[in-house]
Amino acid sequence: MNDQTPIKEVDLNKQSWTSPKDKSDRFIPRNVQSNLYQLFMSEENSQGTLYNNLLQSSILGKSPAVNQKLFNYKTENKQNEMNKIINNGLKYSATPTKVEPEKPPRNINKRPYKILEAENLQDDFYLNLLDWSPFNALAVGLENSVLIWSGHTSKVSRLCTLEDPDMVCSVAWSQRNQHLSVGNSMGEVEVWDVVKQKVIRKWNGHQGRIGSLAWNNYLLATGSRDRNILVRDVRSPNESIQKYVGHKQEICGLKWSFDEQLLASGGNDNKLFIWSLKNQGEFTHFSQHQAAVKAIGWSPHQHNIVASGGGTADRCIRFFNTQTLEQVDCIDTGSQVCNLMFSKNSNELVSTHGYSLNQIIVWNYNNMSKVATLTGHTQRVLYLSGSPCGQSIVTGAGDETLRFWNVFPQSASKNDRGITRAETIDLR
C-alpha cells in the first residue's frame with residue numbers, strides 16, 4: 001500500500017487487547033423433555049398421577065385404583081384422546097427416542113478482524129462518509145477526497161479530490177452497478193462511474209451541504225442542510241423529479257424501504273418523516289424522538305417496520321409500523337444512537353453509539369436483548385456499513401479508524417448473491 005495514502009492498515013498482531021466484560025452472547029437452551037411428557041406433566045400435579053396410573057395400566061397390565069374426582073373436570077372426548085395417546089405411544093416406548101444434538105452458541109468475536117487508519121475522518125454527526133458496495137469496495141470521504149478500498153485486494157485508490165474549500169459530506173453506492181454518488185459542502189452532487197473513473201452526472205439544486213444520500217434503483221435521493229429532499233433519476237440529466245419539504249432543520253439520515261415505495265428521513269428537528277414515492281409527498285411523520293434523528297433502518301423481514309435512533313438527549317431506538325402508523329417499541333440504549341442496520345441473514349440488528357459509551361451493540365430483534373457489545377473505538381461511532389454477504393460490518397469514528405467486525409451469521413440461502421466470507425478480505 002502506498003505510504004502516502006491517508007488510509008493505512010493497522011497490524012493487529014501489535015495491538016494490545018483488553019477483554020471487555022460482556023455477558024450477552026447468544027444462549028441456546030438445552031433440549032427439553034419429550035412433548036408427550038410435557039403434555040401430562042405441565043398441568044396440575046394431579047394430572048401427573050394420572051400419567052403414572054395410565055403408564056402402569058398400559059405397560060404392566062395393572063388396574064390401580066384411581067381417584068374418580070380427577071376426571072370430574074375432563075370431558076369424555078379428552079379422556080379418550082389421552083388413552084389413545086397412551087395406547088399408541090407407550091406400547092413402543094422401548095425404542096429409544098432420537099435426541100437432536102445441541103447446537104453450540106454463536107460466538108461473536110469482540111475484536112475487529114481488520115483496522116484501517118483513516119486520517120482526517122471527520123467527527124461530524126450530520127455526515128455520512130462511509131459505504132460498502134455490493135461489489136466489495138468501500139468508499140470513504142476524507143476531507144475533500146474520496147478514496148476506494150478494495151475488499152478483494154486490500155488496495156486503496158483515490159477516486160477524486162474536490163477543489164478547496166469544498167468538502168465531501170456524503171457517499172453512497174448504487175445497488176445496481178459501480179456508480180458512486182458524492183455529496184459536497186457546496187450543495188452539489190456528483191455521480192461517478194468508478195470503473196471508468198469519470199463523472200456521469202452532476203446536479204445543483206440544494207442551498208446547503210448534502211449530508212445524506214440514498215439510492216433506489218435509478219433514483220437518487222439527496223438530503224441537505226437547506227431542509228429539503230430532492231429525488232432525481234440518474235438516467236436523466238434534468239433536475240429533480242420530486243421534492244419533499246417538511247423538515248424544519250438539516251436532514252441527517254435517509255433510507256429507502258425494501259419495497260422501494262417509501263423513503264424515511266431523519267432531521268435535526270427530532271422528526272422522522274416517511275415519504276411516498278407514488279404519491280410524491282409526505283406519507284406520515286413521527287415526533288416521539290427528543291433529539292436529532294440520524295440512525296434509520298428498515299427491516300428486510302417485515303417491510304412495514306422502520307427503526308430510528310435519537311441523539312444524546314434521546315438515546316432511544318424506536319420502532320414504527322408504517323401500516324398502523326404507530327410506535328410499536330422503544331428501547332433506551334443509554335447513549336447517543338448514530339446508526340442502525342438490520343441483518344439480512346437473521347432477525348437481528350446492530351446499532352452504533354456516541355456519547356458517552358462509543359460502543360457497537362448487536363440486538364436480537366425478537367426481544368431486543370443484547371447479543372453482543374463491541375468496544376474499541378475511543379470516539380463516537382458515527383459511520384456504519386454492511387458487507388455484501390451480510391456477515392460483516394465496518395464502523396468509522398472520530399478516532400480516525402475504520403474497524404471491521406464479524407457480527408451476523410451466514411446466510412441460509414444458497415443463492416445468496418453476496419460474496420463469501422473468504423472473499424471479503426484476508427482475516428486475521
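This one's a predicted model, so the numbers in the text were calculated from it and none came from an experiment.
- In this structure, the side chain of Lys344 engages the main chain of Pro388 through a donor-acceptor pair within 3.5 Å.
- With rounding to the nearest 0.5 Å, the separation of NE2 in His301 from OG in Ser346 is 6.0 Å.
- Scanning both residues, His285 and Phe273, for their nearest heavy atoms gives CB-CD2, 3.6 Å.
- Sparse packing is recorded around CD of Glu163, with 12 or fewer heavy atoms of other residues, nucleotides or ligands lying under 6.0 Å away.
- Formation of a donor-acceptor pair under 3.5 Å by the Gln302 side chain with backbone atoms of Pro300 is not found in this model.
- Side chain of Asn270 to main chain of Ala292: a donor-acceptor pair is present (N/O by atom type, distance under 3.5 Å, no hydrogens or angles).
- A side-chain donor-acceptor contact under 3.5 Å links Asp131 and Ser385.
- Judged by distance alone, with hydrogens and angles left aside, the side-chain atoms of Asn345 form a donor-acceptor pair with the main-chain N or O of Pro409 at under 3.5 Å.
- Contact record, Gly223 with Ile229: CA-CG1, 4.5 Å, taken as the closest heavy-atom pair.
- Counted within 6.0 Å of CZ on Arg318, heavy atoms from surrounding residues, nucleotides or ligands total more than 12; the atom is thus considered enclosed.
- Between Lys271 and Asp269 there is no salt bridge, since none of the side-chain N atoms of the basic residue sits less than 4.0 Å from a carboxylate O of the acidic one.
- In terms of heavy-atom proximity, Asn364 sits nearest to Asn366 at OD1-N, 2.9 Å.
- Side chains of Asn321 and Asn304: a donor on one and an acceptor on the other come within 3.5 Å.
- With rounding to the nearest 0.5 angstrom, the OH atom of Tyr383 is 12.0 Å from the OG1 atom of Thr395.
- Donor-acceptor pairing under 3.5 Å is lacking for the side chains of Ser174 and Arg176.
- Using a 4.5 Å heavy-atom cutoff, the side chains of His353 and Val337 are in contact.
- Ser154 has its side chain within reach of Lys114: a pair of non-hydrogen atoms, C-beta onward, lies under 4.5 Å apart.
- Rounding to the nearest 0.5 Å places CZ of Phe320 at 6.0 Å from CZ of Phe286.
- Aromatic ring centres of Tyr365 and Phe342: separated by under 6.0 Å.
- Residues Trp363 and Ile331 meet the side-chain proximity criterion, which asks for heavy atoms closer than 4.5 Å.
- Residues Cys160 and Trp192 form a side-chain contact, since some pair of their non-hydrogen atoms from C-beta on lies under 4.5 Å apart.
- Annotation: side chain of Leu263 is not in contact with side chain of Leu277 (no heavy-atom distance under 4.5 Å).
- For the 3.5 Å distance criterion, the side chains of Asn358 and His377 fail to qualify, holding no donor opposite an acceptor.
- Listed for the Asn109 side chain is no donor-acceptor partner under 3.5 Å among the backbone atoms of Pro112.
- The CD atom of Gln327 sits 11.0 Å away from atom OG of Ser287, with the distance rounded to the nearest 0.5 Å.
- With hydrogens and angles ignored, the 3.5 Å screen pairs a side-chain donor or acceptor of Arg201 with a backbone N or O of Arg235.
- Distance check, rounded to the nearest 0.5 Å: CD1 of Ile361 to OG1 of Thr375 gives 11.0 Å.
- Each of Asp124, Asp399, Asp123 was compared with Arg380 under the salt bridge (Lys or Arg N to Asp or Glu O under 4.0 Å) criterion, and only Asp123 meets it.
- Annotation: side chain of Val362 is in contact with side chain of Phe408 (closest heavy-atom distance under 4.5 Å).
- Inter-residue side-chain proximity for Asn128 and Leu213 is flagged as unmet; no heavy-atom pair is nearer than 4.5 Å.
- Distance alone, capped at 3.5 Å, is enough to place a donor-acceptor pair between the Ser224 side chain and the Gly208 backbone.
- Between the Asn120 side chain and the Leu142 main chain, no donor and acceptor come within less than 3.5 Å of each other.
- When side chains are defined from C-beta on, Asp193 counts as touching His179, because their heavy atoms get closer than 4.5 Å.
- The backbone N or O of Arg315 lies less than 3.5 Å from a partner atom in the side chain of Thr333, making a donor-acceptor pair.
- Side-chain contact of Asn268 with Gln249: a donor-acceptor pair under 3.5 Å is present, judged by distance alone.
- No donor-acceptor distance shorter than 3.5 angstrom exists from the side chain of Trp275 to the backbone of Ser265, with no hydrogens or angles considered.
- The line from CD of Gln242 to OG of Ser276 is 8.0 Å long, rounded to the nearest 0.5 Å.
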